[in-house]
Protein chains: 2
Amino acid sequence: MTAAAIPRYRQLKELIIRRISTGELRPRDRVPSENELVDSTGVSRMTANRALRELNDEGYVDRVAGVGTFVADFKAASHVLEVRNIADEISLRGHDHSANILLSSETPADAIAAAALHVNINAPLLRLRLVHMESDIPIQLEDRFVLPEFAPEFLQQNFAGITPSAFLSSVSPLQEAEHVVRAAMPDEETRNSLNMEDNEPCLVVTRTTWAHGQPVSFARLYHPGSRFELSGHYAPPGAEAASRRPEHGARQNES
Amino acid sequence: MTAAAIPRYRQLKELIIRRISTGELRPRDRVPSENELVDSTGVSRMTANRALRELNDEGYVDRVAGVGTFVADFKAASHVLEVRNIADEISLRGHDHSANILLSSETPADAIAAAALHVNINAPLLRLRLVHMESDIPIQLEDRFVLPEFAPEFLQQNFAGITPSAFLSSVSPLQEAEHVVRAAMPDEETRNSLNMEDNEPCLVVTRTTWAHGQPVSFARLYHPGSRFELSGHYAPPGAEAASRRPEHGARQNES
DNA sequence: TGCACTAGCCTGTATATACAACCTCGGGAA
DNA sequence: TTCCCGAGGTTGTATATACAGGCTAGTGCA
């Protein structure tokens, strides 16, 4: 019966998502229990369980053992922005990525880097400053500190072929990261390195990377405000149902 | 056997995550098949299936029917930034949120709003401009357009008690959204509304919201660069294993 | 009236079994 | 030699069954 090739647990999920998105089921409403779904749709309890469990994992519903399943409260839903690898982002736009190294040396930690990496001020760190170019237009100034113990051979890499962040995640996958994004005016040196106009602001991304519970790298990424933007598309997961998605063109100002 | 109260599928997941994070299993390596896990750990195939399936959903591994399970390639992992509701963000910091309405009227669509909402220029739209205050300090200028058909009663809401975005998501949950973040200099009016210094840049978030496959609202959110930042913490999902997480303080510049 | 306890529902997990679809690889036929 | 096809391994789904543990409401006792 029913549609061919669409698994029953998925049909069940879409049925419930549809009832939520049309407003038939409202936040905090009770969702049919596993046994009620068994009776009303004829699936086995394990199949109903899988449908409801996945809806729970995806944030559509909240389940409480012994009580029931309820439509989640969406008002706190926070959307997300992607922070991609700069080289991937550039090649995604069909342009060429290259990098100019400005500085590559072992330097003592300044106050900010020391705090971020949980080391003492003046502790030795590996420092790399380079400008990422998109088809020969500077698009990002990366100023990065790395804990020497984590990747002693960091500065010896050929950063024409691999970005610093890609190299670090190849040293240890499954890193945690913390990002902060803000708008700020660049200093003289940054403005010149990025070929920026007077009075043009920077989009600054600060990233601290953790591996095995320890901070291992700290980076400040400066982007010209007129040539760079972060974008992100959020869609509720698992909903093949309705929702034609908006085309997600990687817009970029030409300048 | 083993630890009490930790489900076996979860123990299996953590076992495999540990093997990945220590480097014993490297990206593209083959992960033991379900039947191999059955033989080596004594669980049933359904339990092994659940462990591997969830690792697949969480992005740790890639599964191919008929072939096997392989450690995922993490180098393309894109991190995410959260864009929260401004009122939630403020109350999360323990401050008070209030809002000053600057404009509330039906206006014809300008070129940008018309393009974003897929309507003709000069089509009637509901427009709301308001300043969000954090303990009486202006923190966000929201300039929003809403499709009248979607929420005809939009302008009649009391936006002291509910933010425009929270109201819209109560009209229809499960919205899709597209965000763009950039740095730009404010115009005169914006700078005054937000009490900004001369030469201070704005962090500008542009958000288009979709419901049922149709764009329904378009907003530009201007934030003073010196008083606002976006932050996000990324941790690989499901890994209770190691990884002490960095404390995620909601930092904010004072001034 | 007030309280303790239990019956009954709910989710969470674990297993054995079954079948379908897919892919790879090697053996056998042309 | 080359091509086809099938055997065997792998994932994907579906079901029936079982037991544990949490929560609630209502019964019945004090």
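In what follows, chains carry the letters A, B, and so on, assigned in the order in which the sequence lines appear, proteins first and then strands, with residues in each chain numbered from 1.
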### Summary
In 5'-to-3' order, the base (B), backbone-only (S) or no-contact (-) status of each nucleotide in nucleotides 5-11 of chain D, using a 4.0 angstrom heavy-atom cut-off, is ----BBB
#### Entry: Span of DNA chain C, from the first to the last nucleotide whose atoms fall under 4.0 Å of chain A heavy atoms
C:dC10 to C:dA14
### Message
Closer than 4.0 angstrom, basic N to acidic O: yes or no for B:Arg93 and B:Glu89?
### Response
yes
### Query
Excluding sequence neighbours, so at least two apart, what forms side chain to side chain donor-acceptor pair (under 3.5 Å) with A:Thr47?
A:Ser44
### Message
Heavy-atom nearest nucleotide on DNA chain D for A:Met46 versus A:Tyr9: which residue maps closer to 5'?
### Response
A:Tyr9
### Point-to-point distance, once rounded to the nearest 0.5 Å, from CD of B:Gln140 to CD of B:Glu134
11.0 Å
### Task
Taking atom CZ of A:Arg30 as the centre, report whether more than 12 heavy atoms of other residues, nucleotides or ligands fall under 6.0 Å from it.
yes
### Query
Is the B:Phe154-B:Phe159 ring centre distance short of 6.0 angstrom?
yes
### Salt-bridge criterion met for A:Arg182 and B:Glu229 (N-O under 4.0 Å)
no
#### Entry: Distance in Å, B:Tyr60 OH paired with B:Glu54 CD, rounded so as to fall on 0.5 Å steps
11.5 Å
### Message
One thing to verify: whether B:Arg63 and B:Glu34 come together as a salt bridge, which I'm taking to mean a side-chain N less than 4.0 angstrom from a carboxylate O.
### Response
yes
### Task
Let me know the distance between CZ of A:Phe70 and P of D:dC23, rounded to the nearest Å.
12 Å
